[in-house]
Amino acid sequence: MRKISVRLTDQHYEMLEALVAIGEYASVSEAIRDAIRKLIAEKAELVEKHAKMKPFV
């Protein structure tokens, strides 16, 4: 697993912390990973079409 650094607005980070506080996610990192998985699933067909890559999902 790679480690990356991401800058977020205070508002975005506070929303992620709120999701953790209500038990939706175990951590802010897990919430971000879930968002990335959803983005990749949503855009996978587009990427595959243009990059002729194997399916991500």
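On a predicted model such as this, the values are computed, not experimentally measured, just so you know. One-based numbering along the sequence shown.
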Margin query: Checking K3 now: which residues fulfil side-chain hydrogen bond (donor to acceptor under 3.5 Å, both in side chains) with it, not counting sequence neighbours?
Written below: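 Not a single residue meets the side-chain hydrogen bond (donor to acceptor under 3.5 Å, both in side chains) criterion with K3.
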Next item on the list: Quick one: list whatever passes side-chain hydrogen bond (donor to acceptor under 3.5 Å, both in side chains) with E30, sequence neighbours left out.
Entry: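 Counting only residues at least two positions away or on another chain, E30 forms a side-chain hydrogen bond (donor to acceptor under 3.5 Å, both in side chains) with R33, R37.
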Checklist line | Partners meeting side-chain contact (heavy atoms from CB on, under 4.5 Å) with I36 (sequence neighbours left out) | finding: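 Once residues adjacent in sequence are excluded, the partners of I36 under the side-chain contact (heavy atoms from CB on, under 4.5 Å) criterion are I32, I40.
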Check: Rounded to the nearest 0.5 Å, what separation is found between the NZ atom of K43 and the NE2 atom of H50?
Finding: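 The distance works out to 10.5 Å.
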Which pairs would a plain distance check flag for residues 11-25, meaning a side-chain donor or acceptor within less than 3.5 Å of a matching protein atom at least two apart in sequence or in another chain?
residue: H12; atom: ND1; partner: T9; partner atom: OG1; Å: 3.1
residue: Y25; atom: OH; partner: D34; partner atom: OD2; Å: 2.4

